[in-house]
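A quick write-up on the structure given underneath.
Throughout, protein chains are lettered first and strands after them, A, B, ... in sequence-line order, and every chain is numbered starting at 1. Source: prediction; values computed, not measured.
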Amino acid sequence: MRIEYVEAVLAVVELVPPGTALTYGDVSELLGSGGPRQVGRVMSHCGSFVPWWRVLRSSGHAPDGHEAEALRHYLREGTPLLGHPNEYVRTGEGRWRVDLTAARWSPDDGGHDRIDAIAEHLELRLHRLSVDDDGMSV
DNA sequence: ATTCTGACTTGCT
DNA sequence: AAGCAAGCCAGAA
């Protein structure tokens with residue numbers, strides 16, 4: 001994963017407000033580059049530097065192995081949840097997920113501008129590199 | 001070049 | 001809700 005891509009993903013995730021969330025696929029679409037798996041890869045390696053719990057699977061489930069920690073954040077931030085988070089907290093057995101129809105972040109004008117800037121910057125940097133590489137495939 | 005892998009997604013059972 | 005198959009994009013070996 002190019003460092004340019006990592007920085008762009010992290011920059012977008014930092015914009016996601018408390019109590020809201022995006023899917024991996026959302027992030028890749030906002031960036032206009034890569035795909036959900038690429039975003040997931042970035043988060044698995046560098047997610048600890050940003051509010052990683054605000055990036056979810058399309059199902060609304062938190063990333064495997066991080067459910068408990070993510071749930072603490074959701075309860076504190078008032079993120080809309082579905083299922084039985086309370087039971088999960090008490091017994092560790094209840095099934096739950098983030099209510100994406102309610103929690104999904106839609107960028108306001110300001111956020112849109114910043115995201116556009118990030119996406120554009122990323123595109124420029126990636127394009128410059130690809131040009132350097134072109135024609136030299138030995 | 002080929003194959004395997006993965007904090008993914010969608011569609012179908 | 002859960003499991004599976006395919007499609008997907010890149011990095012690693």
The single option from A:Asp99, A:Asn86, A:Leu71 that satisfies side-chain contact (heavy atoms from CB on, under 4.5 Å) with A:Leu81 is A:Leu71
Rounded to whole Å, the CZ-P distance (A:Arg57 to B:dG6) equals 13 Å
Whole-Å distance, A:Arg104 CZ to B:dT9 C1', equals 12 Å
| Criterion side-chain hydrogen bond (donor to acceptor under 3.5 Å, both in side chains) on A:Trp53 and A:Glu77, from CA distance to verdict | CA-CA 11 Å; A:Trp53 57 93; A:Glu77 297 183 355; 3.0 Å; yes
Of all heavy-atom pairs linking A:Tyr74 and A:Ala62, the shortest is OH-CB, 4.1 Å
Quiz prompt | Sugar-phosphate, base or nothing in reach of A:Thr23, heavy atoms under 4.0 Å | solution = sugar-phosphate
Contact string for nucleotides 1-13 of chain C, one letter per nucleotide 5' to 3', B = base within protein heavy-atom range under 4.0 Å, S = sugar-phosphate only, - = neither, reads SS----BBBSS--
Rounded to whole Å, the CG-P distance (A:Leu22 to B:dT9) equals 11 Å
Practice prompt. For A:Gly47, report the nucleic acid contact type (base, sugar-phosphate, nothing); a contact means any heavy atom under 4.0 Å.
Written response: nothing
So, is A:Ser28 near the phosphate of B:dC8, with a side-chain N or O under 4.0 Å from OP1 or OP2?
-> no
| Mind checking the C1' distance from C:dA13 to B:dA7? Whole angstroms is fine. | 22 Å
Rounded to whole Å, NE2 of A:His66 lies from P of B:dG6 at a distance of 14 Å
Residues passing the side-chain hydrogen bond (donor to acceptor under 3.5 Å, both in side chains) test with A:Ser48, sequence neighbours excluded, are none
Scanning both residues in full, the closest heavy-atom pair of A:Ser28 with A:Gly34 reads CB-O, 4.0 Å
Original post:
Is A:Pro63 touching bases, backbone alone, or none of the nucleic acid, heavy atoms closer than 4.0 Å?
Top reply: base
Smallest heavy-atom separation, A:Pro85 atom then A:Trp96 atom, equals N-CB, 3.8 Å
